[in-house]
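Position 1 is the first residue of the sequence; numbering continues from there.
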Amino acid sequence: MLSFILKRVAYAAPVALGVSVVCFLLVHLAPGDPLSAILPVDATAEMQAQMRAAYGFDKPLPVQYGLWLWKVLHGDLGTSIATGRPVLAEVARAVSNSLILASVATLIGFTFGTFFGFVAGYARDSWLDRTASAIAVFGVSVPHYWLGIVMVIVFSATLGWLPPTGAGPQGSGDWWPDPEHLRYLVLPAITMSVIPMGVISRTVRALVGDILHQDFVQALRAKGLSEFGVFKHVVKNAAPTAIAIMGLQLGYLLGGSILIETVFAWPGTGFLLNAAIFQRDLPLLQGTILVLAMFFVTLNLLVDVVQTALDPRIQRA
């Protein structure tokens with residue numbers, strides 16, 4: 001098992017390096033001048049040159065990448081052009097908020113998606129199957145930013161049950177595990193959970209249907225094993241793939257929640273990316289994308305390890 005983990009870590013290292021190169025180049029190849037957000041309209045050429053030198057934009061791209069990567073490896077993601085604050089502090093705060101939201105949404109989606117998937121898998125071609133499948137299709141098809149707007153209109157503007165935006169009272173940018181802050185988490189978490197719920201439900205339905213038709217299930221029933229015992233074997237065989245899907249969905253939600261976080265003004269990475277894009281804040285944009293990409297690489301590594309622990313056949317393959 002240790003050799004398998006070391007091998008996976010060795011595979012992840014060049015992927016992480018490649019991600020850093022792509023992250024750096026994509027941001028720098030985008031049109032526009034990042035210093036236009038802080039330079040006055042009547043800035044002289046000398047002032048512009050000083051600012052470019054201060055941020056390292058006067059050097060060739062390979063040199064800029066080398067200096068940037070060296071700083072990143074030492075925990076320095078640079079300074080935000082728009083706010084003047086360290087990028088690491090900005091990103092750390094946003095990542096913690098997004099991780100809370102994505103984890104709760106993934107947990108909700110995994111719970112209900114697994115339930116609907118097992119119901120549909122065990123009740124193939126029945127009305128239960130059709131109902132669960134319809135819910136799953138709705139989850140992966142509905143525009144989620146639109147669903148968020150509808151949730152705000154219904155549960156905040158009309159019924160007044162839940163707050164519409166923010167992470168806490170009085171515009172707080174930090175979320176805390178108390179009843180008052182929990183109310184701010186409900187709408188964005190439910191809206192975001194629709195995505196993994198639909199994906200996991202469809203995956204589990206296909207897995208359960210395939211497992212139930214395998215020979216070993218028929219042999220277990222022929223030996224007189226109870227249906228609950230058969231169910232445990234089905235869960236054990238479906239668990240590795242389901243957990244892999246859940247891990248990937250958590251990564252997708254953490255990095256791809258920009259629209260939902262914007263709708264609910266949730267101070268996470270999506271909201272931060274949106275602000276960095278419109279402000280052309282290159283250090284903040286690079287730092288946020290890099291942290292999200294590294295989180296995704298790490299999450300894939302953890303999913304591989306957990307899958308192997310649950311199913312030793314993967315290690316032998």
Is there a side-chain contact between Pro267 and Arg93, using heavy atoms and a 4.5 Å cut-off? no

How close do Ala265 and Thr165 get, heavy atom to heavy atom, and via which atoms? CB-CB, 3.8 Å

Spatial distance of atom CG (Leu285) from atom OG (Ser80) [nearest 0.5 Å]: 10.5 Å

Write down the atom of Gly287, the atom of Val91, and the distance for their closest heavy-atom approach. C-CG2, 4.1 Å

Shortest non-hydrogen separation from Thr106 to Met246 and the atoms involved: CG2-CG, 3.5 Å

Looking only at heavy atoms, which two atoms of Ala238 and Leu207 are closest? And how far apart? O-CD1, 3.8 Å

I'd like to know whether CZ of Phe112 has more than 12 heavy-atom contacts from other residues, nucleotides or ligands below 6.0 angstrom. no

Identified side-chain contact (heavy atoms from CB on, under 4.5 Å) counterpart of Leu273 within the set Ile289, Leu284, Thr262: Ile289

Are Val137 and Val150 joined in one hydrophobic group, where the rule is that I, L, V, M, F, W and Y side chains link up if heavy atoms are under 4.5 Å apart? no

Correct closest heavy-atom pair for Glu261 and Gly268 would be OE1-C, 3.1 Å

Kindly determine whether Leu77 and Val291 satisfy side chain to side chain contact (heavy atoms under 4.5 Å, CB included), including the steps that lead there. CA-CA 10 Å; Leu77 296 180; Val291 170; 4.0 Å; yes

Which value, rounded to the nearest 0.5 Å, describes the distance between Arg202 atom CZ and Arg205 atom CZ? 8.5 Å

OH/Tyr122: more than 12 non-hydrogen atoms of other groups inside 6.0 Å: yes

So do Phe295 and Leu99 actually touch side chain to side chain, heavy atoms under 4.5 Å? yes

Spacing of Ile260 atom CD1 and Ile149 atom CD1 [to the nearest 0.5 Å]: 11.0 Å

Start with the C-alpha gap between Trp266 and Asn97, add the side-chain angles, then the distance that decides, and say whether side chain to side chain contact (heavy atoms under 4.5 Å, CB included) holds. CA-CA 8 Å; Trp266 183 267; Asn97 288 331; 3.7 Å; yes

Tightest non-hydrogen contact, residues Thr111 and Leu107, listed as OG1-O, 2.8 Å

Would you give the length of the straight line joining atom CG of Leu88 to atom NZ of Lys71, rounded to the nearest 0.5 angstrom? 13.5 Å

Using modelled atom types and a 3.5 Å cut-off, is there a donor and acceptor pairing between side-chain atoms of Asp210 and backbone atoms of Ala206? no

Looking at Ile153, is its backbone amide N or carbonyl O close enough to the side chain of Thr158 to form a donor-acceptor pair, meaning the two atoms are under 3.5 Å apart? yes

Working to the nearest 0.5 Å, report the span between CD of Gln64 and CH2 of Trp68. 11.5 Å

Would His233 and Ile211 count as a side chain to side chain contact (heavy atoms under 4.5 Å, CB included) if you check the C-alpha gap in whole Å, the side-chain angles of each, and the deciding distance to 0.1 Å? CA-CA 9 Å; His233 282 276; Ile211 293 170; over 6 Å; no

Verify, without hydrogens or angle tests, whether Ser98 (side chain) and Thr269 (backbone) share a donor-acceptor contact under 3.5 angstrom. yes

As an exercise, state the distance from CE of Met192 to CG of Leu185, rounded to the nearest 0.5 Å. 9.5 Å

Going through the checks in order, is the side chain to side chain contact (heavy atoms under 4.5 Å, CB included) test met by Ser20 and Tyr65? CA-CA 9 Å; Ser20 70; Tyr65 172 73; 2.9 Å; yes

Close side-chain approach of Phe264 to Thr191, heavy-atom, < 4.5 Å: yes

Can you tell me if His144 uses its side chain to pair, donor with acceptor, with the backbone of Ser193 under 3.5 Å? no

Can you check whether Leu162's main-chain N or O pairs, donor with acceptor, with Ser156's side chain at less than 3.5 Å? yes

